[in-house]
Amino acid sequence: MIYKRSSALFSAAQKVIPGGVNSPVRAFKAVGGDPIFVKEAKGAYLYDEDGNRLIDYINSWGPMILGHAHPAVVDAVIDKAKKGTSFGMPTEIETQIAALAVSMVPNIDKIRFVNSGTEACMSAVRLARGYTGKDKIIKFAGCYHGHSDSFLIQAGSGAVTFGSPNSPGVTQGTAQDTLLARYNDIAQVESIINSNKDEIACIIIEPVAGNMGCIPPTKSFLKGLRALCDIHNILLVFDEVMTGFRLAKGGAQELLGVDADIVTFGKVIGGGLPVGAFAAREEIMNHLAPLGPVYQAGTLSGNPLAMAAGLAMLTELNENPNIFKSLADKTEYLHKGIAKALKSHDVTNTINRVGSMISVHFAKDAVVDFDTAANGNNDTFKKFFHGMLDNGIYIAPSAFETWFITDALTYEDLDETIAAVYKVAGDL
Ligand SMILES: *Cc1c(COP(=O)(O)O)cnc(C)c1O
């Protein structure tokens, strides 16, 4: 395929935007080459600036679960836009989407809307600290909760329990309040809690990890976290920015049958507009300003266009609950097809899948945490990525990302994708 215009646009962008992009993974650093500039999209397809058609497996990193330019969402936004785009005053639609979200998701009475998943997670942690009166938090290596300071912490060599900043600009003081644990390792979480008695406000986790590729939790792991939180008076925060309104109407809580204390949302809840949200039972949410002392605010929070897109999206999902089964079936079909294609060329791989999240790891052993995800062969991934792209299939430009399946994909699209894997696998 030819990407002449994309490359020219990227050169121009680099002069005025750092790295030419407004979010780093878009720049293709992990796979090499220039990013593709998209012109428009409809359903399961992207059309780039050079006129190529690509089958999209990123879907704006999750939000377009029903496909691009979905008529219900687009119409809702257009109607609203004609009536004014922002007021900074309460509007009825905020209550409508809040009531719908509360009715769909278990264990939440109230929800507050913000503008991104980052804001949602950052605010959830502040609320957990304000509610419990404790400072420290536990997060898991390889889980992403947005780019706010307390989350940009990774395990330094050996020092698993004391975080060191992952980015210049994050202070050591902030990093020290974030304790790191290994995903799926309950014994380690228990020992961290025991050595920080009465200091931990919350444990924040992606209930199905999606930011180190897709990694399912073991059943006993999430149940174990719930039990530890109950014993030690710690809040369990499920970051459902990726899984919320994707794995089920009620997200991972519903699918996996584990209750969280605070839940964060993003991606699907905004239907493709900038929306995040956090929610909990009433006694916790009432600690937020203006009812309580924990401050949180936003000039554009609850923006009418964003709420219109989100409400249209959630309404579609609420009224057509078969979508989740349909998504899971398509993802399973894809999983089987890709596994067969890779096997036909003896390509070492491990495929993880939960609902409509799936990732192909070029690793021999089971991928259960960040270290085992990092064992994957990145050179093989790069070849796979570019091979798929040459065949018109757009997957995330990093081995550490899940694929986001959209219900707009037809079985013909899936067959086309699997046929591409057969072609590409011969060269891996
Ligand atoms: C995408 C994501 C975020 C961050 O959301 P933004 O809207 O990009 O700020 C947080 N948590 C998880 C699990 C995510 O996948």
Side-chain angles (χ1 to χ4, degrees), residues 21-27 57-65 105 112-128 137-154 166-167 178 183 202-217 222 225 236-247 251-253 255-256 260 262-279 296 298 300-303 306 309-310 313 352 354-359 369-370 373 396-405:
V21 292
N22 281 310
S23 193
V25 263
R26 295 180 196 168
Y57 284 94
I58 305 181
N59 285 291
S60 186
W61 306 90
M64 318 320 295
I65 192 169
V105 177
R112 175 155 291 171
F113 286 91
V114 293
N115 305 293
S116 67
T118 294
E119 257 189 89
C121 294
M122 174 186 103
S123 308
V125 164
R126 183 180 303 149
L127 177 58
I137 66 171
I138 295 179
K139 87 171 274 285
F140 295 89
C143 280
Y144 181 66
H145 305 294
H147 66 274
S148 95
D149 287 1
S150 356
F151 301 126
L152 287 184
I153 318 291
Q154 265 193 348
N166 206 199
S167 160
T178 300
Y183 203 81
C202 69
I203 298 176
I204 184 166
I205 186 167
E206 292 178 62
V208 174
N211 285 290
M212 42 184 165
C214 171
I215 299 186
L222 290 186
L225 290 181
L236 183 58
V237 182
F238 273 8
D239 176 352
E240 297 227 38
V241 170
M242 193 182 288
T243 54
F245 306 103
R246 170 166 288 277
L247 295 183
Q253 287 194 93
L255 185 78
L256 305 173
I262 303 180
V263 191
T264 63
F265 300 102
K267 301 193 168 115
V268 175
I269 199 172
L273 267 76
V275 180
F278 59 107
Q296 185 279 324
L300 291 174
S301 293
N303 171 269
M313 174 64 82
N352 282 351
V354 178
S356 58
M357 293 163 61
I358 180 171
S359 58
D369 56 20
F370 184 71
S398 159
F400 291 103
E401 304 287 353
T402 184
W403 305 21
F404 298 94
I405 305 304

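Values in this document were obtained by computation on a predicted structure and should not be read as measured data. Start at 1 and go down the list; that is how both ligands and their atoms are numbered.
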Side chain [X], main chain [Y], donor-acceptor under 3.5 Å:
X      : Y      : value
Glu240 : Gln253 : yes
Ser359 : Thr402 : no
Asp239 : Val241 : yes
Tyr144 : Glu206 : no

>> Are Phe245 and Phe265 an aromatic pair, judged by ring center distance below 6.0 Å?
In response: yes
> For Gly146 and Thr118, which heavy atoms make the closest approach, and how far apart are they?
Replying inline: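 Answer, listing the atom of Gly146 first, then Thr118: CA-OG1, 3.3 Å.
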> Around ligand 1, what residues show up once you keep those with a heavy atom under 4.0 Å from it?
Replying inline: Ser116, Gly117, Thr118, Tyr144, His145, Gly146, Glu206, Asn211, Asp239, Val241, Met242, Lys267
